[in-house]
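Whatever order the structure lists them in is the order used to number ligands and atoms, beginning at 1.
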Amino acid sequence: MYARSGLLSQRSCSSHGRECATPVLAAQRRNNSTATKIAVEFDQSTGVAVMRLQGPPVNSLSLDFLTELCINVEKLEMDKNCRGLILTSSQPKVFSAGLDIMEIYGKSPERCGEFWRAVQEMWLKLYGSSMVTIAAINGSSPAGGCLMSMTCDYRIMADNPRYSIGLNETQLGIVAPFW
Ligand SMILES: CC/C=C\C/C=C\CCC/C=C/CC(=O)SCCNC(=O)CCNC(=O)[C@H](O)C(C)(C)COP(=O)(O)OP(=O)(O)OC[C@H]1O[C@@H](n2cnc3c(N)ncnc32)[C@H](O)[C@@H]1OP(=O)(O)O
């Protein structure tokens, strides 16, 4: 979902010194899902977009989720009026539970490869963004959730002792591929 006044066209541009993505994007080619796991509100007057993660129950990062996230970041990146992006969660108590472990458990090497490429695409898009990016971490954010927030320029976390954040994935026997 991308809510703002006016239509967002997928044009090539170089405003604000940015090189924009080509109109046909890798993430878009991959996206078959119609469900919306990301809601974006763009405030024209401030130039700041708020991206809410709304994948129940815990915003786990599935291939569909990552694809939708990348498409939305790309769209905002192409909008010369958008200068800032706040990433936050609509789910109670959880920012993101990290990678959807069902996407890697018992899957073929090809499928795992596709999934890890999508993970890489996500953090490269956020880390390389020309927008000022802020993770408003309003819940727990283990492993891939922590990675996602680390790729933002700034992080602010809700002060609640029940919320945790960190790279705990080795406890599950998961080692990120060599990038
Ligand atoms: C620039 C950077 C370069 C390099 C970076 C280097 C390294 C980065 C590597 C990143 C790698 C990441 C790997 C991963 O992310 S693996 C996933 C790790 N995640 C976890 O271990 C989280 C486990 N979950 C929890 O701790 C809790 O669920 C949580 C605190 C998030 C929420 O707790 P709550 O009590 O609110 O809910 P639950 O009842 O526990 O869960 C609800 C249902 O959600 C399911 N669930 C939870 N987490 C996941 C997940 N990750 N994937 C899929 N499903 C998940 C859980 O099983 C429950 O399901 P049901 O039982 O209701 O069916």
J.: Please check atom 25 (C) of ligand 1 for a protein heavy-atom neighbour under 4.0 Å.
T.: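 False for atom 25 (C) of ligand 1.
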
J.: Which residue and non-hydrogen atom of the protein lie closest to atom 7 (C) of ligand 1, and at what distance in Å?
T.: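 Answer for atom 7 (C) of ligand 1: A176 CB, 4.0 Å.
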
J.: Identify the closest protein heavy atom to atom 33 (O) of ligand 1: which residue and atom is it, and at what distance?
T.: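 Of every protein heavy atom, V94 CG2, 4.6 Å lies nearest to atom 33 (O) of ligand 1.
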
J.: Relative to ligand 1, is L61 under 4.0 angstrom through side chain, backbone, both or neither, heavy atoms considered?
T.: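 No part of L61 is near ligand 1 at this cut-off.
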
J.: Once you round to the nearest 0.5 Å, how far does CD1 of I156 lie from CD1 of I134?
T.: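 Spacing of CD1 (I156) from CD1 (I134) equals 6.0 Å.
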
J.: Between L69 and K125, is any pair of side-chain heavy atoms under 4.5 Å apart?
T.: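 No. Closest side-chain heavy atoms not under 4.5 Å.
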
J.: Please indicate, with yes or no, if any protein heavy atom is found under 4.0 Å from atom 48 (N) of ligand 1?
T.: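 Yes, because at least one protein heavy atom sits under 4.0 Å from atom 48 (N) of ligand 1.
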
J.: As a test of the contact definition, would atom 57 (O) of ligand 1 count as having a protein heavy-atom neighbour under 4.0 Å?
T.: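 Looking at atom 57 (O) of ligand 1, one finds that no protein heavy atom lies closer than 4.0 Å.
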
J.: Is any heavy atom of the protein nearer than 4.0 Å to atom 52 (N) of ligand 1?
T.: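 Flag for atom 52 (N) of ligand 1 set to true, protein heavy atom closer than 4.0 Å.
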
J.: Tell me the protein heavy atom at minimum distance from atom 4 (C) of ligand 1, and give that distance in Å.
T.: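 For atom 4 (C) of ligand 1, the nearest protein heavy atom comes out as W179 CZ3, 3.5 Å.
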
J.: Using distance alone, decide if ligand 1 has a nitrogen or oxygen within less than 3.5 Å of any nitrogen or oxygen in A97.
T.: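 Yes: some nitrogen or oxygen of A97 is under 3.5 Å from one in ligand 1.
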
J.: What is the nearest protein non-hydrogen atom to atom 43 (C) of ligand 1, stated with its residue, atom name and distance?
T.: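 Scanning the protein heavy atoms, the shortest distance from atom 43 (C) of ligand 1 goes to P57 CG, 3.6 Å.
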
J.: Can you sort out which atoms of ligand 1 are near G98, meaning under 4.0 Å from one of its heavy atoms?
T.: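 By the 4.0 Å cutoff, the relevant atoms are 15 (O).
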
J.: Among all the protein's heavy atoms, is there at least one whose distance to atom 16 (S) of ligand 1 comes out below 4.0 Å?
T.: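 So atom 16 (S) of ligand 1 has protein heavy-atom neighbours under 4.0 Å.
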
J.: Taking atom 29 (C) of ligand 1 as the reference point, report whether a protein heavy atom occurs under 4.0 Å from it.
T.: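 Given the 4.0 Å cut-off, atom 29 (C) of ligand 1 does not count as touching protein heavy atoms.
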
J.: Can you tell me if W123 contacts ligand 1 (heavy atom of the residue under 4.0 Å from the ligand)?
T.: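 A heavy atom of W123 does come that close to ligand 1.
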
J.: Nearest to atom 5 (C) of ligand 1, what protein heavy atom do you find, and at what distance?
T.: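 Ranked first by proximity to atom 5 (C) of ligand 1 is L147 CD1, 3.5 Å.
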
J.: With atoms numbered from 1 as shown, which atoms in ligand 1 lie under 4.0 angstrom from a non-hydrogen atom of G144?
T.: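 Listed by number with element: 12 (C), 14 (C), 15 (O).
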
J.: Geometry only, no angles: is V58 polar-contacting ligand 1 at N/O separations under 3.5 Å?
T.: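 No; every N/O pair is 3.5 Å or more apart.
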
J.: May I ask you to test the Q91-V58 pair for a side-chain heavy-atom distance under 4.5 Å?
T.: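 The answer is no, as the side chains (C-beta and beyond) never meet within the 4.5 Å cut-off.
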
J.: With heavy-atom distances below 4.0 Å as the criterion, list the atoms of ligand 1 near N168.
T.: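 Counting from 1, the qualifying ligand atoms are 21 (O).
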
J.: With a 4.5 Å heavy-atom cut-off, do L99 and E169 have their side chains touching?
T.: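 No. Closest side-chain heavy atoms not under 4.5 Å.
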
J.: Should V132 and I137 be counted in the same cluster of Ile, Leu, Val, Met, Phe, Trp and Tyr side chains packed under 4.5 Å apart?
T.: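 Each belongs to a different hydrophobic cluster.
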
J.: Does the protein put any heavy atom within less than 4.0 Å of atom 21 (O) of ligand 1?
T.: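 There is a protein heavy atom less than 4.0 Å from atom 21 (O) of ligand 1.
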
J.: Using a 4.0 Å cut-off to any heavy atom of I174, which atoms of ligand 1 qualify?
T.: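 Going through ligand 1 atom by atom, the ones under 4.0 Å from I174 are 16 (S).
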
J.: When only distance counts, is L99 in polar contact with ligand 1, meaning an N/O pair under 3.5 Å?
T.: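 In this structure, L99 places an N or O atom under 3.5 Å from an N or O of ligand 1.
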
J.: Judged by modelled atom types alone, do E77 and S129 share a side-chain donor-acceptor pair under 3.5 Å?
T.: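 Yes, side-chain donor-acceptor contact under 3.5 Å.
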
J.: I need the nearest protein heavy-atom contact for atom 35 (O) of ligand 1: residue, atom name and distance, please.
T.: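 Residue, atom and distance for the closest contact: K93 NZ, 4.8 Å.
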
J.: Evaluate I101 for polar contact with ligand 1, using N/O atom pairs at a separation under 3.5 Å.
T.: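 There is such a contact, yes.
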
J.: Using a strict cut-off of 4.0 Å, indicate which atoms of ligand 1 neighbour a heavy atom of P142.
T.: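 Answer, ordered by atom number: 22 (C).
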
